[in-house]
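Have a look at the structure below before the remarks.
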Protein chains: 2
Amino acid sequence: MVSLNDVAKTAHVSKMTVSRVLNHPELVSLEIQEDVQQAILELGYVQNRAGRALANKRHYNIAFVLLDDIAEIEPYYAHLLIHLTDALRHHGYTLEVRHDREFDLTNVDAFLVSGARRSDIEALHLPVPVVIYGMEPGLISVDSDNAVGTAMATEYLINHGFEHVMYLGLAINEPFALNRETGYRQTMLKYGLPIEAYELPNNECAATELITLINPAPGTGIVTATDRLALGAIRASQALGLSFPNEIGIIGFDGIYIHKLSSPTLTTIQQPLGVIANTMVKLLMAQLNGETVASELITPTLVIGNSTP
Amino acid sequence: MVSLNDVAKTAHVSKMTVSRVLNHPELVSLEIQEDVQQAILELGYVQNRAGRALANKRHYNIAFVLLDDIAEIEPYYAHLLIHLTDALRHHGYTLEVRHDREFDLTNVDAFLVSGARRSDIEALHLPVPVVIYGMEPGLISVDSDNAVGTAMATEYLINHGFEHVMYLGLAINEPFALNRETGYRQTMLKYGLPIEAYELPNNECAATELITLINPAPGTGIVTATDRLALGAIRASQALGLSFPNEIGIIGFDGIYIHKLSSPTLTTIQQPLGVIANTMVKLLMAQLNGETVASELITPTLVIGNSTP
DNA sequence: TTGTACGCGTTATCAG
DNA sequence: CTGATAACGCGTACAA
């Protein structure tokens, strides 16, 4: 294993100088910086995290806590995980995945949390930095701008000639669900259109049953709170003989995986997981550096499929 | 931070004794062991991984390399990841997720690899232990017993009165795909039934088109190589007016997520990811301890849904 | 059976 | 601007 000392010898300097070139290059003369960089390349040196960790009293390891029921884990977590790991690696950190509510501080510098419910937030006041995926008032969080997302969806349907736009929401009292519904309602108000909103559990069958019961007239648009609900709405519409995308238009929310499985493919409000992951890591690193940070909202993207014009 | 030294002081021994209690308790008298354990509990001591890593010239970090295209990532990777992380943590190891073909050895003791294709295997002869998810002859791997899985599925359909059982396989030349087809073929031969096998790309639409074209007679059973193909077969069967589970029966393969989304829910051969993860970690740890190990096959489980009797 | 001395790779501190 | 020294927490080798 190539160590600082090896580099120091071939560059004919002390190992402290090498360390400084890596961490505080502004304190080293340009000449020597070049010699050292040369030696680093020659020997293929890479910093040893254990050594840094010991010297800096850090662990260079972040816990990602997944609080959703493991049976319910949405596929987009695999994506989020990969994006987070990439972002953290750029800072020399490792990601450790967990799925319990212990928040064990062992060998960890900070926490990233996903799927937290209201009942978890007391446990989230920890002596180390925490960044949450999903809005949590009073805590540092990153989230898609849910209201803007459904507003975009609603407006898109209105502008594409659907005279009647309804909303399939979630029957849970969580901020993201409320915000998604708000986006729909405000847009309808803005256009002076009548609001028709329902709240369901997040499963396909619930949506299928409801839409079948309602039997929407041709020209109806449906904005849903999740791609899963949209899938159910699509199925029901097909059974009712409504044809996409002229007689009926449906827009989902999430856009990670499910929307590609459906036929027709689903138009959806896509959460930009790469941006979300980078933002979460940015806020975490800032906190680790002692800076004060504020929560951020990320604007989602409308991805057009065949369930709308 | 509580260190070995702190424990040593409150237990009135040297820190080496504490270290021994943790790593080689058989070398310490019972009396002192108890004192030390007491002190550990009192102070809430936990080993510092960086210290261990430095002393042991290890990193206590394993790279998980995900070689599938990120856009194609199947939801079960999220589950596999969590199971792997759990298993590794019991050994004091961390999991680092990667998705490039670099196999960068930096700060890593070994590799776990998933989604490797034939073309990757040269790159997999590394100077550190490697365990692969998915059978790779000549390398250490853990895989579901694919042939047994499709054999179970085929036999189940035969035994539930389906007179004609066909197979929807994958048109790729990878061992897992070949083995799944073999399980079907051998079972059909065993029962003296005629073989009818097709090979498709792994997407729902391909399966839908094929089944629509074939227009299977009532009494047909379909074994598929993946849940995605099964989803397509379900959709086509419904369009053809065949009713589940009497006129037609369909069994998928994977059983992580998709099978719950379909209606009817899908009977599937479920890969036991927890067992697979534990086995992978077991083989990895054995290799890190210098032992010689052999690949293992894990028997999958038949999970009954509503797409079969 | 227990303790002492040293080294692992890195960085902060202080001296030059 | 650069170097020597000590320290981080732990484990091996050796001594007692």
Side-chain angles (χ1 to χ4, degrees), chain A residues 1-37 39-40 43-61 91-94 105-109 288-290, chain B residues 1-37 39-40 43-61 91-94 105-109 288-290:
Chain A
M1 165 169 303
V2 186
S3 78
L4 267 193
N5 239 322
D6 303 325
V7 177
K9 279 178 195 159
T10 63
H12 306 293
V13 294
S14 79
K15 63 182 179 178
M16 254 329 288
T17 302
V18 181
S19 173
R20 266 193 283 258
V21 169
L22 293 166
N23 300 300
H24 309 285
E26 69 278 6
L27 300 178
V28 181
S29 73
L30 280 178
E31 250 183 310
I32 293 194
Q33 276 191 51
E34 279 179 29
D35 292 356
V36 170
Q37 292 290 7
I40 287 178
L43 301 175
Y45 166 79
V46 282
Q47 276 187 307
N48 177 303
R49 182 166 38 204
R52 290 185 74 203
L54 215 47
N56 287 336
K57 301 197 179 201
R58 287 207 179 176
H59 303 277
Y60 292 103
N61 186 36
H91 296 269
Y93 281 76
T94 266
L105 295 163
T106 308
N107 287 308
V108 148
D109 298 311
L288 285 171
N289 293 332
Chain B
M1 167 171 301
V2 186
S3 78
L4 268 193
N5 240 323
D6 303 325
V7 177
K9 279 178 196 161
T10 64
H12 305 293
V13 295
S14 78
K15 67 177 178 182
M16 258 325 293
T17 303
V18 180
S19 173
R20 268 191 284 258
V21 169
L22 293 168
N23 300 300
H24 309 283
E26 69 278 6
L27 300 178
V28 181
S29 74
L30 281 177
E31 248 183 311
I32 293 195
Q33 277 191 49
E34 279 179 29
D35 292 357
V36 170
Q37 292 290 7
I40 287 177
L43 301 175
Y45 167 79
V46 284
Q47 275 186 308
N48 176 304
R49 183 167 36 207
R52 289 184 74 203
L54 216 47
N56 288 337
K57 301 197 179 203
R58 288 206 178 177
H59 302 278
Y60 292 103
N61 186 36
H91 296 269
Y93 281 75
T94 266
L105 295 163
T106 308
N107 287 308
V108 149
D109 298 311
L288 285 171
N289 293 332

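Chain identifiers are assigned alphabetically (A, B, ...) following the order of the sequence lines, protein sequences preceding nucleic acid strands; residue numbering begins at 1 within each chain.
- Counting heavy atoms from C-beta outward, A:V46 and B:N107 have side chains that stay 4.5 Å or more apart.
- Rounded to whole angstrom, the span from the CG atom of A:N5 across to the C1' atom of D:dT5 amounts to 13 Å.
- Residue A:R49 is out of contact with every strand shown, counting any heavy-atom pair closer than 4.0 Å.
- The backbone N or O of B:V108 sits nowhere less than 3.5 Å from a side-chain atom of B:N61 that would complete a donor-acceptor pair.
- Atom-to-atom distance recorded for B:N48:CG and B:L4:CG is 9.5 Å, nearest 0.5 angstrom.
- For B:Y60 and A:R49, the side-chain atoms include no donor-acceptor pair closer than 3.5 Å.
- As a whole-Å value, the separation of A:N107 CG from D:dG9 C1' is 11 Å.
- Phosphate proximity of C:dT11 to A:R52: present, with a side-chain N or O under 4.0 Å from OP1 or OP2.
- Taking atom CG on A:L4 and atom C1' on C:dT11, their separation rounds to 9 Å, with Å as the unit.
- The shortest distance between the side-chain N/O atoms of B:S19 and the OP1/OP2 oxygens of D:dG11 is below 4.0 Å.
- Rounded to a whole Å, the CG atom of B:L30 is 15 Å from the C1' atom of C:dT2.
- Within the structure, every side-chain polar atom (N or O) of A:H24 is placed at least 4.0 Å from both OP1 and OP2 of C:dT11.
- Phosphate contact (OP1/OP2 of C:dT1, side-chain N/O of B:Q33, threshold under 4.0 Å): absent.
- Per the geometry, CE belonging to A:M16 stands 10 Å off P belonging to D:dG3, to the nearest Å.
- Phosphate proximity of C:dT11 to A:Y60: absent, as no side-chain N or O sits under 4.0 Å from OP1 or OP2.
- The line from CD of B:Q33 to CG of B:D35 is 10.5 Å long, rounded to the nearest 0.5 Å.
- Following rounding to the nearest Å, B:N48 (CG) and D:dC8 (P) show an atom-to-atom distance of 12 Å.
- For the pair A:H12 NE2 and D:dG3 C1', the interatomic distance rounds to 16 Å; values are reported in whole Å.
- Taking only side-chain atoms of B:A55, from C-beta outward, the nucleotide of D:dG3, D:dG11, C:dG9 with the closest atom is D:dG11.
- The distance between atom NZ of A:K15 and atom P of D:dA4, rounded to the nearest whole Å, is 11 Å.
- The phosphate of D:dA4 (OP1 or OP2) has no side-chain N or O of A:S14 nearer than 4.0 angstrom.
- Listed pair A:S29 / D:dT2 meets the phosphate criterion, a side-chain N or O lying under 4.0 Å from OP1 or OP2.
- Using a 4.0 Å cut-off, no side-chain N or O of A:R20 falls inside it from OP1 or OP2 of D:dT2.
- For A:Q47, the side-chain atoms get nearest to C:dT10 when compared with the rest of D:dG9, D:dT2, C:dT10.
- Comparing B:K57 and B:L27 by the nucleotide of DNA chain C that holds the closest heavy atom to each, the one mapping nearer the 5' end is B:L27.
- The line from CG of B:L22 to OH of B:Y45 is 5.5 Å long, rounded to the nearest 0.5 Å.
- Within the structure, a side-chain polar atom (N or O) of A:N23 is placed less than 4.0 Å from OP1 or OP2 of C:dT11.
- Position along DNA chain C of the nearest nucleotide to B:N56 versus A:N56 favours B:N56 as the more 5'-ward residue.
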